[in-house]
Amino acid sequence: MSLDLRWVEARLDTAFVGRRIVYRQSIPTTQDLARAEAEGGTPEGTAVLAEEQTVGRGRLGRSWVSPAGLNLYLTLVMRPPLERLRYLSMIAPLAAAQAAEEAAGVSPRLKWPNDVLVGGRKLAGVLIETELSGSSVRYALVGIGLNVNLEVERVPGIADIATSLKREAGRPVSREEVLAALLNRFEALYDEGGAVYAAWRSRLETLGRQVRVTFGDQVEEGLAEDVDAEGSLVLRRADGSRVTIAAGDVTLRQ
Ligand code: BTN
């Protein structure tokens with residue numbers, strides 16, 4: 001079933017996010033089409049959506065499982081001022097979590113930096129690719145993949161680590177409802193500016209936990225003590241020293 005975009009448009013209360021939607025049945029990845037749109041000068045807030053991605057991209061060179069007709073795969077073209085760029089990686093997972101709550105009654109937590117989890121399993125992921133020109137942002141491509149009606153048990157390799165709204169809610173969930181909520185929430189959070197930091201921080205299940213963080217070829221272990229206003233993780237090592245990590249991959253330790 002294709003998405004009913006008219007239904008979605010009728011429920012948008014945004015000024016610019018999702019007001020232009022570029023929709024395709026099957027493409028390699030929405031990130032690349034969004035990049036072409038951004039280079040062509042598409043308005044801020046343009047949403048590039050696909051029913052299926054044949055080479056969906058995840059963070060850290062991973063792939064993103066993107067079968068047709070079940071989930072949401074979208075990339076938003078944003079052009080924030082440089083000092084607000086960092087908020088995008090808080091806004092995107094938070095908007096996905098709020099949309100899951102609104103449309104399916106599911107209450108996700110966040111795992112630093114921007115995974116959306118339910119019961120420790122991944123519901124949604126965020127990939128942000130940024131093009132800068134000197135000290136200004138040409139554009140940021142905010143990619144969001146949200147598992148709506150995916151039957152995770154049927155997908156080898158992710159059955160134990162992923163979940164979907166259908167699995168959590170125990171019923172099929174309308175992708176249109178989730179999409180409209182996601183676009184509405186995204187713009188509302190974007191307009192809030194710095195206030196998003198407190199909301200993002202309060203949903204982080206990472207804080208107060210013993211974690212292992214991998215970034216590049218480095219590994220740090222310790223207590224995830226806090227996140228700073230830049231979104232970086234503040235880690236307390238076993239020897240009492242502190243280290244601040246801007247981006248990485250966290251494993252929560254028991
Ligand atoms: C992650 O958690 O690793 C990030 C996953 C991001 C997936 C989305 S789906 C829409 C957009 N297009 C892609 O190829 N990736 C992002």
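For ligands, and for the atoms within them, numbers begin at 1 and follow the listed sequence.
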Asks: With a heavy-atom distance limit of 4.0 Å, tell me whether Val126 approaches ligand 1 through its side chain, its backbone, both, or neither.
Replies: backbone

Asks: If you count the atoms of ligand 1 from 1 in the order shown, which ones are under 4.0 Å from a heavy atom of Thr75?
Replies: 11 (C)

Asks: What residue and atom, counting heavy atoms only, is the protein's closest point to atom 10 (C) of ligand 1, and at what distance?
Replies: Thr30 OG1, 3.3 Å

Asks: In terms of residue, atom name and distance, what is the protein heavy atom nearest to atom 8 (C) of ligand 1?
Replies: Gly145 N, 3.5 Å

Asks: Report yes if Arg57 has an N/O atom closer than 3.5 Å to an N/O atom of ligand 1; otherwise report no.
Replies: yes

Asks: With a 4.0 Å cut-off, would you call Arg24 and Glu51 a salt bridge?
Replies: no

Asks: Number the atoms of ligand 1 from 1 as they appear, then name those within less than 4.0 Å of a heavy atom of Gly58, with their elements.
Replies: 1 (C), 3 (O), 4 (C), 5 (C)

Asks: Do Arg84's NZ or CZ and the ring of Tyr190 fall within the cation-pi criteria of under 6.0 Å and 45°?
Replies: yes

Asks: Please classify the Leu74 to ligand 1 contact at 4.0 Å (heavy-atom distances, strictly less than): side chain, backbone, both or neither.
Replies: backbone

Asks: Give the residue, atom name and distance (to 0.1 Å) of the protein heavy atom nearest atom 5 (C) of ligand 1.
Replies: Trp64 CE3, 3.4 Å

Asks: Give a yes/no on ligand 1: does Arg62 have at least one heavy atom closer than 4.0 angstrom to it?
Replies: no

Asks: Could you tell me the residue and atom name of the protein heavy atom closest to atom 2 (O) of ligand 1, and the distance to it rounded to 0.1 Å?
Replies: Lys122 NZ, 2.6 Å

Asks: N/O of Gln53 under 3.5 Å from N/O of ligand 1, yes or no?
Replies: yes

Asks: Before accepting this row, confirm whether a basic side-chain N of the pair Glu101/Arg203 lies closer than 4.0 Å to the acidic partner's carboxylate O.
Replies: yes

Asks: Are any of the side-chain nitrogens in Arg201 or Asp226 under 4.0 Å away from the carboxylate oxygens of its partner?
Replies: yes

Asks: If you draw the axis of the six-membered ring of Trp7, does the NZ or CZ of Arg11 fall within 45° of it and under 6.0 Å from the ring centre?
Replies: yes

Asks: Between Arg79 and Glu44, does at least one N-O distance fall below 4.0 Å, as a salt bridge requires?
Replies: no

